[in-house]
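Quick note: residue numbers are just sequence positions, from 1.
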Amino acid sequence: MGKLHAAAIAAGLLLFLVSGLQAATTIVATTGLGPIKSTDGGVTWSVIPVNVSNGILSGQPTLRVIGYDPTAPSTTWYAHGDAGGTYGFYRTTDGGLTWTGTPILNFIPAAIPGSIVVDPVATNVIYMIVYTSIVGKNYIAKSTDHGLTWNKVKLPSTVSYPAANNPDGTPSFWIATDPRQTGVLYAVGGHYVFKTIDFGATWTTLSTGVDTPEKNGLAAGAFPSLLRINVDPRVSTTLYVSAGASFVAPKCQGTPAGGQCGMYKSVDGGATWTQLGLQSYTSLGVSIDTVSGAMYAGGIISSGSGTVYRSTDGGTNWTPVKNGLDHATPRVLVDPNTPSTVYAQQNGSTNGFYYVSTDSGATWNPRPLPALCEVTKPNCSTAPTTNFSDLILVPGAASPPPPVTGPTRTISHIANGDGWRTTTILINTGTQLESFELKFWDENGNPLPLDLGADGVTADLIDAIQPGVARFIRTAGTGTLKPGWAELRSSLDIDGLSIFGLQSPGHGDSEAAVPLSPSGGTELFIPFDYSTGYSTGVAFADPGQQLANVTATILDDVGANVPAAGTIMVPDRGHYANVLAAKFPGVVGKRGVAHFTSTANIFGLGIRANGKAFTSIDALAGVTAATKTIPHIANGGGWKTTFLIVCADTHAANFTLKFWHDDGTPLPLPLVAAGIVTSITGTLQPGEIRIVETVNAGPLVTGWAELSGLTGGIGGTAIFALQSPVQADAEAAVPFSTAASTHLFMPYDYSPGYSTAIAFTNTGGTAAHVTATFTDDAGNDLGSGPSITVPAHGHNSAVLVLLKPAIAGTRGTVLFTSDVPVFGLGLRANGVAFTSLKVIAK
């Protein structure tokens, strides 16, 4: 029995590559001599002794398959093989210095390279492919104690594999975990793809580009067998399935126009599949350069001749980069930390070589397999050629990106297509690598696949961000308009915003910012404006499992009721967006505030438009009586500021709005209907709004404002606008803030067409000195600029490129460090259009 699969020892290699790891220089392979190791990238090798205390497994084992713990890849490895005719499962936690072994008596581990996989979070959970006594009747074995004991995991029965003939379920011939989501496992068997999200307790049968017998009743032999499934290391919902030939192999053209074999891709988690243009009727999987997006696969260009293919467009088109390998279907793998290095080896090769390219597949060099001696015969005179049955590249000191954990936050509106696009900017404000998951949902609560450029087409983006680095995620803006909402799961150290923009020929996008909201509410207040030239839209997202019925009570700016019959329905996990007048036509010609009451917790946003220019207004929920700061106001020289002050309480409340100059002295401002004043006081009834507008007169003055003396929950938004005689005002919203800090993070953008500025307010009694430190979106430290002084009780602002000219042409993160707490507000401009940027207080 121990030699039953001796022929599989030469069965080809599989490199376990995990996105984000440092370049692997230590290689561990399983061979007939036991495990062997290279610490110089495969130049020299040595045999690793495996001594275990279990007498049944005494002696150096013949190992066949190896894997590693993704949280400790440099030290903890798992392998199976046989010693003295008994199969065993082996584990080391010190990089191969010592091993423990557990006999395997109830099943036979399958000699399929790569068939030991470990959950990325619950790393005590290990899966491998095994069978009882009949080769081909494979099933999945799972251990929850690092391989000491095992239980059977059965895939669902299918028409091709009925339970009567397959008591262990549909045979599994390949398994793959999602590298950042716990409990998720994929399996392929026969013509089927299966997925579990609960560690194998229940399974879903996914459709594939290859029709299954259930769909059309044809014989199973008319369909190619599925060989591999790969999860895109950048995007969990992007999957690749490779297929092998059947008796219809001559029809397997491997083109988008026809054929049943080759490779298939899904961008929606396996719901739908598209055949890729791989010119081969078989393939053993795909490997992806996570930096450039280039993809590599092995195939056959003619009978008995292996070929390496490369694609730079997501798999639509492929170019042969290495022909004439002496055996069919090589496995091709990219070193994820040195993307220009690509490995290839042929399944069943007997020529004693594998192949390496160090220039992204342009040229290839053979690398000989090692010639080594047995552990018990260290001085052998005849050095045998050692064939790999499996192989791993051991990562350096860095660990894989941590799995996605933490609370969810909601982005209540996104838009893509028909000229619209959305940019989400996330910043890791913590001190360690943090992962995130960003999901997109459509109006009806279904996943919304979006073209994210280099991040691919996906409804579910998973990635990690280094400390202090900004991640820019932008939709392509192509196709028909698709509105929806987004959901972020991450630790609270990742924060940011989304910006949706309308592309206009001849000038920069009109844009509006959308916050990451940690909590919504059942009572939301949104100011509206239908005065001449203006209109207002509303957007709601319902992230829960219950349909939200939303009603409105509307007051105009003099406290009069506006008719508001009708209900807005927001589907569970869904979204609603429309102009306010579509549901409540009585608002036309008026200004005021809409008080929305929902049967379920929702998130909301107002969109105030004047022509093609627009700005967003945060929905107010859970407002308190705390004093609030407006970090930036501007008036004169073409600028004006409008304050929208709303009572979101159940009782009347008082307020005082004070204006302060840059130097901390009271700032007289000319107000519509109030004259020139330095403050204004009033009382608001529940649901009422007070609109305070400056008059654009005289030279430009800047400063800040303070909303104080509050006797109830009053909040709101300020909007500063640049008036132009040739087009509608460009506007940006300024949220009323209660959070000052000595450490502030903000994204900056000096990519083509963009610029960024910052404004600070210091409400304290001593001057603040603020230093800006810049990091681009690739994680490069660009250094610091000169200190900015903000007077006591004063205000200051700066264009960032004047502080640090080296940031020109880059985008990234700026960290502001102050000796006293300050408030901040960012401004991103593209031509005459601009929007505000959230400043994150830490």
Side-chain angles (χ1 to χ4, degrees), residues 425 427 429 468-470 495-497 513 629-637 639 641 659-667 699-706 718 720 732 734-750 754-776 780-829 834-842:
I425 308 173
I427 298 176
T429 64
V469 175
D495 206 339
L497 76 161
T629 296
I630 299 97
H632 183 72
I633 60 176
N635 191 68
W639 294 87
T641 302
F659 313 118
W660 301 98
H661 205 286
D662 288 348
D663 62 6
T665 60
L667 172 62
L700 173 64
V701 294
T702 58
W704 63 286
E706 183 180 39
F720 58 93
V734 186
F736 293 2
S737 177
T738 58
S741 178
T742 57
H743 290 80
L744 303 174
F745 287 85
M746 186 187 80
Y748 76 85
D749 194 346
Y750 275 91
Y754 287 92
S755 61
T756 310
I758 181 68
F760 295 112
T761 288
N762 174 15
T763 62
T766 59
H769 302 91
V770 185
T771 299
T773 303
F774 297 89
T775 304
D776 69 15
N780 299 309
D781 184 357
L782 303 182
S784 301
S787 178
I788 304 168
T789 299
V790 188
H793 215 67
H795 171 271
N796 202 350
S797 59
V799 176
L800 295 186
V801 76
L802 299 181
L803 296 177
K804 190 68 178 178
I807 67 174
T810 73
R811 61 184 185 179
T813 309
V814 55
L815 168 62
F816 298 105
T817 305
S818 175
D819 51 1
V820 299
V822 293
F823 294 84
L825 178 78
L827 184 69
R828 183 174 94 154
F834 55 86
T835 190
S836 56
L837 293 174
K838 178 180 180 179
V839 173
I840 304 164
K842 291 295 290 183

### Task
Nearest 0.5 Å please: distance from the CG atom of Leu782 over to the OG1 atom of Thr813.
10.0 Å
#### Entry: Euclidean distance, Leu827 CG relative to Ile758 CD1, rounded to 0.5 Å
9.5 Å
### Query
Is a side-chain donor or acceptor of Asn762 paired with a backbone partner of Pro791 at a separation under 3.5 angstrom?
yes
### Query
Do the non-hydrogen side-chain atoms of Leu803 and Pro786 ever get within less than 4.5 Å of each other?
yes
## Note on the structure
Closest non-hydrogen contact found for Thr641 with Ala718 is CG2-CB, 4.4 Å
### Task
For Val822 and Leu744, run side chain to side chain contact (heavy atoms under 4.5 Å, CB included): C-alpha distance rounded to whole Å, both residues' side-chain angles, the deciding distance at 0.1 Å, then the answer.
CA-CA 9 Å; Val822 293; Leu744 303 174; 3.7 Å; yes
### Query
Looking at Asp495 and Lys842, does any basic side-chain N land under 4.0 Å from a carboxylate oxygen?
no
#### Entry: Exam field: side chain Thr761 to backbone Pro631, donor-acceptor pair closer than 3.5 Å
yes
### Steps toward side chain to side chain contact (heavy atoms under 4.5 Å, CB included) verdict (Leu497, Ile425)
CA-CA 6 Å; Leu497 76 161; Ile425 308 173; 4.3 Å; yes
### Query
Just wondering, do Leu815 and Thr775 contact through their side chains at under 4.5 Å, heavy atoms?
no
### Summary
Smallest heavy-atom separation, Ala768 atom then Val820 atom, equals CB-CG2, 3.2 Å
## Note on the structure
Heavy atoms of Ala740 and Pro821 approach each other most closely as CB-CB, 4.0 Å
### Message
Would you compute the distance between atom OH of Tyr748 and atom CZ of Arg828 and round it to the nearest 0.5 angstrom?
### Response
13.5 Å
## Note on the structure
All heavy atoms of Gly785 vs all of Phe774, minimum pair found to be N-CE1, 4.4 Å
### Heavy-atom pair with the smallest gap, counting every atom of Thr773 and Ser784
OG1-OG, 2.9 Å
### Task
Look at the side chain of Tyr750 and the backbone N and O of Val801, then say whether any donor-acceptor pair between them is shorter than 3.5 Å.
yes
### Task
Verify side chain to side chain contact (heavy atoms under 4.5 Å, CB included) between Val770 and Thr817, making sure each step is shown before the conclusion.
CA-CA 5 Å; Val770 185; Thr817 305; over 6 Å; no
### Task
Test Trp704 against every option in Thr629, Leu667, Leu825 by the side-chain contact (heavy atoms from CB on, under 4.5 Å) rule and name the one that passes.
Thr629
### Query
Does His769 offer a backbone N or O that forms a donor-acceptor pair with the side chain of Asp819 under 3.5 Å?
yes
### Message
Between His795 and His661 (judged by ring centroids, cut-off 6.0 Å), do the two rings come close enough to count as a pair?
### Response
no
### Query
Any donor and acceptor pair, going by atom type alone, linking the side chain of Thr702 with main-chain N or O of Ala634 inside 3.5 Å?
no
### Message
Taking the side chain as everything from C-beta on, heavy atoms only, tell me whether Phe720 gets closer than 4.5 Å to His632.
### Response
yes
### Query
Can you check whether Thr756 reaches Leu837 side chain to side chain, under 4.5 Å on heavy atoms?
yes
### Message
Determine whether the aromatic ring centres of residues Trp660 and Phe823 are separated by less than 6.0 angstrom.
### Response
no
### Query
Do Asn796 side-chain atoms and Thr789 backbone N/O form a donor-acceptor pair below 3.5 Å?
yes
### Task
Mind checking the CD1-CZ spacing from Ile630 to Phe736? Nearest 0.5 Å is all I need.
4.0 Å
### Summary
All heavy atoms of Asp776 vs all of Asn780, minimum pair found to be OD1-N, 2.8 Å
### Query
Going from OG on Ser818 to CZ on Phe760, what distance comes out if it is rounded to the nearest 0.5 angstrom?
8.0 Å
### Task
Starting at OG of Ser797, measure out to CG of Asp662 and round the result to the nearest 0.5 Å.
6.5 Å
